[in-house]
Amino acid sequence: KAGVTQTPRYLIKTRGQQVTLSCSPISGHRSVSWYQQTPGQGLQFLFEYFSETQRNKGNFPGRFSGRQFSNSRSEMNVSTLELGDSALYLCASSWDRQGGSTEAFFGQGTRLTVV
Amino acid sequence: GDSVTQMEGPVTLSEEAFLTINCTYTATGYPSLFWYVQYPGEGLQLLLKATKADDKGSNKGFEATYRKETTSFHLEKGSVQVSDSAVYFCALSHTGTASKLTFGTGTRLQVTL
């Protein structure tokens with residue numbers, strides 16, 4: 001069974017540009033979450049999508065947005081990039097079983113560098 | 001709000017030493033608790049989990065017990081190997097929001113020969 005796939009693995013962008021990152025979840029998983037990992041702030045939850053709807057959102061500015069498609073693939077977009085957006089962006093998918101927690105499976109991440 | 005506190009790293013041990021990484025949490029209700037491991041240049045891998053009080057999660061020689069009375073989920077291993085060198089994250093989530101994880105700051109483990 002294929003794992004969570006994130007593309008691209010590495011990205012360099014210029015301040016002020018926008019960027020789109022992609023995540024393909026494990027087959028059958030309908031929930032996709034995004035996290036930002038930085039040395040200073042650690043791992044922070046960005047948002048979660050379930051069946052094409054944003055179900056949870058973390059404390060990030062509106063420049064960070066996402067969406068989920070009918071095949072559960074997800075994209076996140078960051079507009080007007082700032083130097084502080086440089087981070088490892090991790091995607092996680094899970095099979096969200098009603099009434100019980102399940103574990104999340106993570107992709108290898110996209111390393112975004114803003115210059 | 002929810003929070004997870006982990007012991008500061010880095011932790012440096014000799015091979016075959018005993019490992020303990022402390023983790024305590026603050027949360028309402030009865031969260032599920034997890035340990036994730038991150039190897040250099042990689043994403044996170046689930047190491048073990050526990051979903052209710054007194055549950056013990058175990059995997060690859062690592063163990064952690066969900067202690068509700070002390071709100072703790074300490075990670076232990078009896079004999080570490082060089083290949084265990086990585087960053088370890090303690091995390092929690094609530095039922096129905098399994099994908100919204102709250103992480104600790106991570107503890108780097110370095111195992112030497």
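Residue numbers start from 1 in every chain, and the chains themselves are labelled A, B, ... in the order their sequence lines are given, proteins ahead of strands. No experiment lies behind these values; they were computed from the predicted model shown.
- Near-neighbour residues of residues 36-44 of chain B relative to chain A, defined by a heavy atom under 4.5 Å from a heavy atom of that chain, comprise B:Tyr36, B:Gln38, B:Gly41, B:Glu42, B:Gly43, B:Leu44.
- The 12-atom threshold is not exceeded at CZ of A:Arg15, counting heavy atoms of other residues, nucleotides or ligands nearer than 6.0 Å.
- Note: the hydrophobic cluster containing A:Val32 does not contain A:Leu88 (ILVMFWY, side chain heavy atoms under 4.5 Å, direct or indirect links).
- By the rule that hydrophobic residues join a cluster once side-chain heavy atoms approach within less than 4.5 Å of another member, A:Val114 and A:Val78 end up as members of one cluster.
- For A:Arg9, the part sitting under 4.5 Å from any heavy atom of chain B is the side chain, from C-beta outward, and nothing else.
- By the 6.0 Å contact criterion, CZ on A:Arg30 is open, its count of non-hydrogen atoms from other residues, nucleotides or ligands being 12 or less.
- Around CG of A:Asn71, the count of heavy atoms belonging to other residues, nucleotides or ligands within 6.0 Å exceeds 12.
- Contacts of A:Gln37 with chain B are made by side-chain atoms alone, with heavy-atom separations under 4.5 Å and no backbone atom involved.
- Interatomic distance, CG of B:Leu101 versus CZ of A:Phe106, reported as 5.5 Å (0.5 Å rounding).
- Linking ILVMFWY side-chain heavy atoms closer than 4.5 Å, directly or via other members, places A:Phe64 and A:Tyr49 in a single hydrophobic cluster.
- Under the 4.5 Å side-chain heavy-atom criterion for Ile, Leu, Val, Met, Phe, Trp and Tyr, A:Leu21 and A:Tyr35 are members of distinct hydrophobic clusters.
- Here the straight-line distance linking atom CG of B:Leu46 with atom CZ of A:Phe105 works out to 6.5 Å at 0.5 Å rounding.
- Between the NZ atom in B:Lys100 and the CZ atom in A:Phe47 there is a gap of 13.0 Å [rounded to 0.5 Å].
- More than 12 heavy-atom neighbours from other residues, nucleotides or ligands sit within 6.0 angstrom of NZ on A:Lys57.
- Among A:Leu46, A:Leu90, A:Leu43, the residue with the largest count of heavy-atom pairs under 4.5 Å with chain B is A:Leu43.
- For B:Glu8, the CD atom sits in a loose shell: 12 or fewer heavy atoms of surrounding residues, nucleotides or ligands are nearer than 6.0 Å.
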